[in-house]
Number of protein chains: 2
Amino acid sequence: MKTRDRILAAALELFNQQGERKVTTNHIAAHLEMSPGNLYYHFKNKQEIIFELFLSYEERVDANLQVPTDRLLTIEDKLNYLQKVFQGLWEFRFIHRDMEHLLLGEERLHSRYREFFRRCQKNTEAIYFGLREANIIEISDRDLEGLALNTWIVVTSWFSFLQCNLLSDPEESITLEMLKAGIYQIFQLERPYLSDEYRASANAMQQAFIPKPDWL
Amino acid sequence: MKTRDRILAAALELFNQQGERKVTTNHIAAHLEMSPGNLYYHFKNKQEIIFELFLSYEERVDANLQVPTDRLLTIEDKLNYLQKVFQGLWEFRFIHRDMEHLLLGEERLHSRYREFFRRCQKNTEAIYFGLREANIIEISDRDLEGLALNTWIVVTSWFSFLQCNLLSDPEESITLEMLKAGIYQIFQLERPYLSDEYRASANAMQQAFIPKPDWL
DNA sequence: ACATTATTAGAGTGATTACTCTAAACTGTC
DNA sequence: GACAGTTTAGAGTAATCACTCTAATAATGT
């Protein structure tokens with residue numbers, strides 16, 4: 001792997017593990033047994049690294065939220081979206097966790113992130129429109145917008161929530177159970193809008209994500 | 001006002017304005033035209049200040065979420081809870097905004113926060129139980145738990161969401177419109193569970209919080 | 001073999017920042 | 001007004017960290 005890519009990979013790994021604030025550029029270099037000078041040969045500063053990682057994340061999410069134009073959405077699609085989104089969320093979990101301060105004084109990243117959010121909203125709404133068209137949910141336009149926004153908030157806050165409220169030891173890591181619970185919560189948001197026709201099968205699907213009684 | 005309280009007030013103000021990370025202890029002292037030595041005479045370190053501010057917040061929220069035992073809940077109570085919670089959220093907005101990193105390596109604060117969260121969850125559930133008892137909402141036990149958790153997430157993430165996704169300029173501040181939209185979103189979470197009897201009046205109540213079409 | 005360019009090492013620096021230390025000023029009491 | 005205790009000033013410090021600079025080494029082309 002190219003040095004540049006190794007730096008990105010190491011930065012991502014360390015950021016996810018410890019949070020961006022705790023990971024210094026020297027730390028990243030040391031992790032790769034490389035000099036700081038070398039790191040700065042490839043990236044002009046730390047923000048540059050973060051920006052590139054964000055671009056990867058963005059590309060990935062955009063790809064994950066496409067709506068097929070040649071067919072109606074199915075209930076399996078819905079599950080699929082969720083799983084892909086949560087997978088991406090996990091692999092780049094430092095992003096939403098540290099967003100507040102990643103954006104501090106970073107106009108370029110901030111405006112890019114705002115556009116990213118709007119695009120995601122549009123895509124999420126498109127997915128819900130698709131589900132409505134396929135008669136899987138019944139929902140008014142206005143409610144759909146509100147639902148899409150709440151979905152965004154819960155999805156993007158899920159790992160922060162886990163970190164702050166559930167993990168006692170920073171060494172303790174997030175379990176599969178906790179990840180599943182996130183998907184369960186999104187199902188929960190959509191559930192009231194399920195059509196009679198699909199209620200049973202959607203509920204059956206959600207069963208697999210019920211967290212254990214004591215997970216919280 | 002006592003010096004100690006002036007320090008707390010100034011710290012809260014600056015933290016809310018600029019985020020905890022950007023506000024140094026020297027900065028707080030300078031804002032009060034006071035020496036750093038003086039500040040450290042009253043607080044042994046920065047975390048002590050943060051901890052005390054958190055205690056105030058905690059006390060306030062706990063008080064705001066009590067359920068009356070001598071009567072049934074009304075639909076006005078519901079609105080009242082929301083308004084009080086959002087008011088507290090606003091006055092201590094740095095807390096949830098910077099939570100992730102406030103907790104870094106702060107075992108005392110972290111465990112206290114975890115307990116606070118659990119207590120809030122219990123209280124939120126108690127409120128929803130109360131609304132169910134008063135026939136305002138119809139909801140199963142399991143759905144109620146999911147609803148309470150989603151409520152917590154949306155409420156505590158609301159100002160982060162605004163900061164990251166809506167404000168372009170850090171100087172730009174949060175408008176009343178944006179605050180109202182947060183309350184609207186919580187209404188939105190509960191809406192599907194409204195009983196036939198109360199649907200109309202709850203919806204009428206929510207009308208006041210519909211954000212302007214272009215707010216987003 | 002030689003020249004040129006790309007990559008790397010690693011010591012070092014300047015800025016920031018949480019916090020300390022000592023002495024001075026204030027406050028109340030007898 | 002002397003003494004004791006409390007509060008304040010303000011210079012200073014040690015640690016951290018993003019980033020720089022110079023020189024050495026590797027890679028590439030001719």
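Residue numbers begin at 1 in each chain, while the letters A, B, ... track the order of the sequences.
Close placement of the B:Phe161 and A:Phe117 rings is indicated, their centers lying within 6.0 Å of each other.
Side-chain nitrogen and oxygen atoms of A:Tyr41 include at least one within less than 4.0 Å of the OP1 or OP2 phosphate oxygen of C:dT7. Distances shorter than 4.0 Å separate none of the side-chain N or O atoms of B:Asn38 from OP1 or OP2 on D:dT7. For D:dT8, the OP1/OP2 oxygens have a side-chain nitrogen or oxygen of B:Thr3 closer than 4.0 Å. Regarding contacts with the backbone of D:dT8, every side-chain N or O of B:Ser35 stays at 4.0 angstrom or more from both OP1 and OP2. The shortest distance between the side-chain N/O atoms of A:Tyr40 and the OP1/OP2 oxygens of D:dT20 is not below 4.0 Å. Between B:Thr25 and C:dC19 there is no side-chain N or O to OP1 or OP2 distance below 4.0 Å.
Of all non-hydrogen atoms in B:Lys212 and B:Glu177, the two that sit nearest each other are N-OE2, 3.1 Å.
Proximity note for A:Lys46 (side chain, C-beta onward) versus C:dC19, D:dC19, D:dA9: the nearest is D:dC19. Here the side chain of A:His42 is nearest to one of D:dC17, C:dT8, D:dC19, namely C:dT8. Ranking D:dC19, D:dC17, C:dT17 by closeness to the A:Thr24 side chain, first place goes to D:dC17.
Within 4.0 Å (heavy atoms only), B:His27 reaches no atom of the nucleic acid at all. Using a 4.0 Å heavy-atom cutoff across all strands shown, A:Glu33 reaches sugar-phosphate atoms only and no base atom.
Straight-line distance from the CD atom of B:Glu48 to the C1' atom of C:dA18: 14 Å, rounded to whole Å. A:Glu106 places its CD atom 13 Å from the C1' atom of D:dA18, with the value rounded to the nearest Å. Atom pair B:Lys44:NZ and C:dC19:C1' shows a separation of 13 Å (rounding to whole Å applied). Atom-to-atom, CG of B:Leu39 to P of D:dG10 comes out at 15 Å; the value is rounded to the nearest Å. Note: CZ (A:Phe43) to P (D:dC19) measures 13 Å, nearest angstrom. Distance CG (B:Leu32) to C1' (D:dT7): 15 Å, rounded to an integer number of Å. Spacing between atom CG of B:Asn26 and atom C1' of C:dT17 amounts to 7 Å, rounded to whole angstrom units.
Between A:Arg132 and A:Glu125 there is no salt bridge, since no side-chain N of the basic residue sits under 4.0 Å from a carboxylate O of the acidic one. Ion pairing between A:Arg114 and A:Glu107 holds under the 4.0 Å rule for side-chain N and carboxylate O.
Within a 6.0 Å sphere centred on CD of A:Gln207, heavy atoms belonging to other residues, nucleotides or ligands number more than 12.
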